[in-house]
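Below: the structure, in structure tokens.
All heavy atoms count here, side chains included; hydrogens, waters and symmetry mates do not. The residues of the chain are indexed from 1 along the displayed sequence.
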Amino acid sequence: MDITPVEEAPFRFRIERQGLMRVPGVVFATRELLPQAAGDRALEQVANVATLPGIVRASYAMPDVH
């Protein structure tokens with residue numbers, strides 16, 4: 001799964017629905033704080049939460065996502 005956050009507004013990034021995701025992912029952070037380091041799977045976790053039954057609207061993550 002390609003998890004590429006798209007900047008919607010300053011400090012707000014969106015992970016579009018794909019695969020089994022029921023809702024999009026939304027990350028609140030600066031570009032510098034986005035988890036991009038090799039081996040960091042934080043954005044994948046946001047996408048995984050978006051697949052859970054009963055989720056409504058979006059899977060949200062704050063700047064300290066881990």
Side-chain angles (χ1 to χ4, degrees):
M1 181 180 330
D2 176 36
I3 302 174
T4 305
V6 176
E7 190 168 3
E8 285 189 316
F11 313 115
R12 181 180 170 118
F13 294 83
R14 182 181 190 90
I15 300 170
E16 295 297 334
R17 286 181 57 193
Q18 54 187 314
L20 298 175
M21 290 175 67
R22 298 169 186 261
V23 295
V26 177
V27 180
F28 293 97
T30 63
R31 184 163 295 282
E32 294 78 25
L33 288 176
L34 278 178
Q36 297 175 357
D40 188 335
R41 300 177 72 180
L43 295 180
E44 185 177 333
Q45 290 176 355
V46 175
N48 288 341
V49 169
T51 69
L52 296 174
I55 191 160
V56 179
R57 197 167 295 144
S59 170
Y60 292 98
M62 300 302 127
D64 66 341
V65 63
H66 49 76

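- In terms of modelled atom types and a separation under 3.5 Å, the side chain of S59 and the main chain of V46 share a donor-acceptor contact.
- You'll find the side chain of V23 stays beyond 4.5 Å of the side chain of R57, heavy atoms only.
- Across all non-hydrogen atoms, the minimal contact from P5 to F13 is CB-CB, 3.9 Å.
- Proximity of L33 to P63: side-chain heavy atoms (C-beta onward) are separated by under 4.5 Å at one or more points.
- In F28, the CZ atom is crowded: over 12 heavy atoms of neighbouring residues, nucleotides or ligands sit closer than 6.0 Å.
- Remark: I3 CD1 to R41 CZ distance equals 9.0 Å, nearest 0.5 Å.
- In this structure, the separation between CG on L34 and CZ on F11 is 11.5 Å, given to the nearest 0.5 Å.
- Within 6.0 Å of the CG atom in L52, the count of heavy atoms belonging to other residues, nucleotides or ligands exceeds 12.
- Side chain of R22 to backbone of T51: a donor-acceptor contact under 3.5 angstrom is found.
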